[in-house]
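Before any comments, here is the structure.
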Amino acid sequence: MPKPVIAIVGRPNVGKSTLFNRLIGERLAIVEDTPGVTRDRLYGTFDWRGRDYALIDTGGIVPDEPDPILLQTREQAQAAMDEADAILFLCDANDGLTAIDYDVAEALRKNSSKPIVLAVNKADGPRREQNTPEFYALGLGEVYPISSIQGHGVADMLDALHEAIPDTGGEEEYEEDVIRLAIIGRPNVGKSSLTNRILGEDRVIVSPIPGTTRDSIDTPFQRGDERYVLIDTAGIRRAGKIQGTIEYYTVLRAERAIERSDVVLLLVDAVEGVTDGDMRVGGMAQDAGKGCIIVVNKWDLIHGVQMHKYAQDVKDRIKFLEYAPVAFSSALTGRGIPGILDTVQTVAQNHALRIGTGELNRVIRQAVDAKPHTHKGRELKIRYATMHRVRPPTIALFCNNPQLVHFSYERYLTNCLRAEFGFLGTPIKLQFRRVEKEEK
Ligand code: GDP
Ligand code: GDP
């Protein structure tokens, strides 16, 4: 489900990170594209009154630019106006009202159609409380005094946000046979060029229908009898504009597009090869259980390298996506694209492939007979298997003791299933469950 995005905007030191941590609970580290760089994760999710929200801490001011604080705070606010569903403008009761607050408030008031909630932080002493009424002068309506450290006022502020963000209603429904396709990858790998190619003259664009959030637009298209919807086309086309410190919007957007898709095209730049960032995005697709095709784009720029060699290098580097086919494209010339859409079709079928219980148990039995598994002298006994879900294929294996299963054995079983049924392009989930009655 796409969650409304709330961006916390404000000067340095007003307490954005403190508030973020209070709402998210924990701060997870993310590994950046730059090798060796780990930095705090700048977005997280929380729920309030039964609704989930994505929260963005827009910190990260770079101190050595001319007039850095004003310009960069303004820039954050601008990005938030473009990308978020609501803005939480945070000021500081300790400092009182400052010129920068005025400036940013004016920009928000003039240019934003998004809901804005004004909170004045550090209102945790009698003297500081007295400072909060002056913030009405910003013309942003109600002022919410809060203390991010102690928690005072935070609930009222969240209620105000909750009220201000229109209910997005349920998830948009696409029919069962529509393939939801997401194109993901780092900036400049060619996502919007590929999108344009795919939606080119020879395809029928049915009609762009708005997604659940204001700025997420999906584009349905048809190819012969096959029906697709390209997830977050607007985001792909706009993401190029977003640079530098505000790349968290790009990451968040990719995450949401992946969540809503069946099949993901992970674009890799042929000239640059697979980067850490590509792996991270690939990991997101895997964790979400989506079908995946690795697409090496800008192949027109590569000369004298054989495709199968290049594909092998890609596979060696992104080992965990061993099930994902590697395809080659040039969004510039259009080469490779029909083949990729054929592969999407195959992967989508595999992602939704249901194997009958009889057949499944036959294969599992053969696998176990060929290579029984013991752990600390105890034999793993798999009584029966059933595929209880698809998208991705999810198999429950009822056994004497799930603790006996070693990762390598799980892998072995997965490989046996792949050898029998193919499952190209889709992850398979195995869930080991204990059968209550154990044989003596
Ligand atoms: P950011 O730069 O906007 O992310 O601000 P930080 O979250 O890093 O906070 C800046 C400073 O303000 C830190 O020393 C915090 O401990 C302090 N601070 C944050 N929230 C509160 C609050 O509610 N009350 C008080 N007294 N101090 C706070
Ligand atoms: P995005 O940021 O991932 O959406 O990337 P764009 O589609 O905006 O492409 C970034 C740049 O790469 C643009 O200058 C494109 O013209 C160029 N580009 C995209 N695909 C290809 C390709 O297949 N071959 C070549 N040579 N250039 C490409």
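Counting convention: from 1, in listed order, for ligands and their atoms alike. Numbers here are sequence positions counted from 1. If you're wondering where the values come from, they're calculated on a predicted model, not measured in any experiment.
The heavy atom nearest to atom 6 (P) of ligand 2, considering only Ala270, Ser192, Ala331, is found in Ser192. The option from Thr333, Asn188, Val189 that lies nearest to atom 2 (O) of ligand 2, judged by heavy atoms, is Asn188. Closest heavy-atom approach to atom 18 (N) of ligand 2 among the candidates Lys298, Arg335, Arg197, Arg186: Lys298.
A salt bridge is absent between Asp269 and Arg186; no separation between the charged side-chain nitrogens and carboxylate oxygens falls under 4.0 Å. The pair Asp101-Arg11 meets the salt-bridge criterion, since a charged nitrogen lies less than 4.0 angstrom from a carboxylate oxygen. A salt bridge is defined here as a Lys NZ or Arg NE, NH1 or NH2 lying under 4.0 Å from an Asp or Glu carboxylate O, and Glu255 with Lys3 fails to meet this definition. A salt bridge does not link Lys290 to Asp262: none of the charged nitrogens lies less than 4.0 Å from a carboxylate oxygen.
Heavy atoms from both the backbone and the side chain of Ile149 come within less than 4.0 Å of ligand 1. When non-hydrogen atoms are compared, ligand 1 lies under 4.0 Å from neither the backbone nor the side chain of Leu90.
Under a 3.5 Å cut-off, the side chain of Arg317 and the backbone N or O of Met279 do not form any donor-acceptor pair. Between the side chain of Asp85 and the main chain of Val5, a donor-acceptor pair closer than 3.5 Å is present. Side-chain N or O atoms of Lys315 include one that pairs as donor or acceptor with a backbone N or O of Glu322 at under 3.5 Å.
Proximity to Arg11 (heavy-atom distance under 4.0 Å) selects the following atoms of ligand 1: 3 (O). Heavy-atom proximity to Ser330, at under 4.0 Å, picks out these atoms of ligand 2: 23 (O). Contact atoms of ligand 1 toward Asp124: 22 (C), 23 (O), 24 (N), 25 (C), 26 (N) (distance under 4.0 Å to a heavy atom of the residue). Listed by number with element, the atoms of ligand 2 under 4.0 Å from a non-hydrogen atom of Asp300 are 22 (C), 23 (O), 24 (N), 25 (C), 26 (N). Shown in contact with Leu301 at under 4.0 Å from a heavy atom are these atoms of ligand 2, numbered in order with element: 26 (N). Of all atoms in ligand 2, numbered sequentially from 1 with element shown, those under 4.0 Å from a heavy atom of Pro187 are 2 (O). Of all the atoms in ligand 2, the ones that sit under 4.0 Å from a non-hydrogen atom of Asn297 are 20 (N), 21 (C), 23 (O). Distances below 4.0 Å separate heavy atoms of Lys191 from the following atoms of ligand 2: 1 (P), 2 (O), 3 (O), 4 (O), 5 (O), 7 (O). Atom numbering of ligand 1 starts at 1 in the shown order; those under 4.0 Å from a heavy atom of Ser147 are 23 (O).
Judged by the shortest distance from any of its heavy atoms, Gln150 lies outside the 4.0 Å radius around the atoms of ligand 1. In this structure, Pro12 has a heavy atom closer than 4.0 Å to ligand 1.
When all heavy atoms of Ala137 and Tyr102 are compared, the closest pair comes out as CB-OH, 3.6 Å. Looking at every heavy atom in both residues, Ile337 comes nearest to Ser329 through CG1-CB, 4.4 Å.
Between Gly15 and ligand 1, at least one pair of N/O atoms sits closer than 3.5 Å. No N or O atom of Ser329 sits closer than 3.5 Å to an N or O atom of ligand 2. Any N or O atom pair closer than 3.5 Å counts here, and Lys16 shares at least one such pair with ligand 1. Of the polar atoms of Trp299, none of the N or O atoms is found under 3.5 Å from an N or O of ligand 2, judged by distance alone.
Put simply, the residue from Leu321, Val295, Ile258 that forms a side-chain contact (heavy atoms from CB on, under 4.5 Å) with Leu266 is Leu321. The side-chain contact (heavy atoms from CB on, under 4.5 Å) test with Leu332 singles out one residue from Leu301, Asn297, Asp300, Leu194, and that residue is Asp300.
Between Phe221 and Tyr228, the ring planes are parallel. Angles under 30° get that label, and only those over 60° would be called perpendicular.
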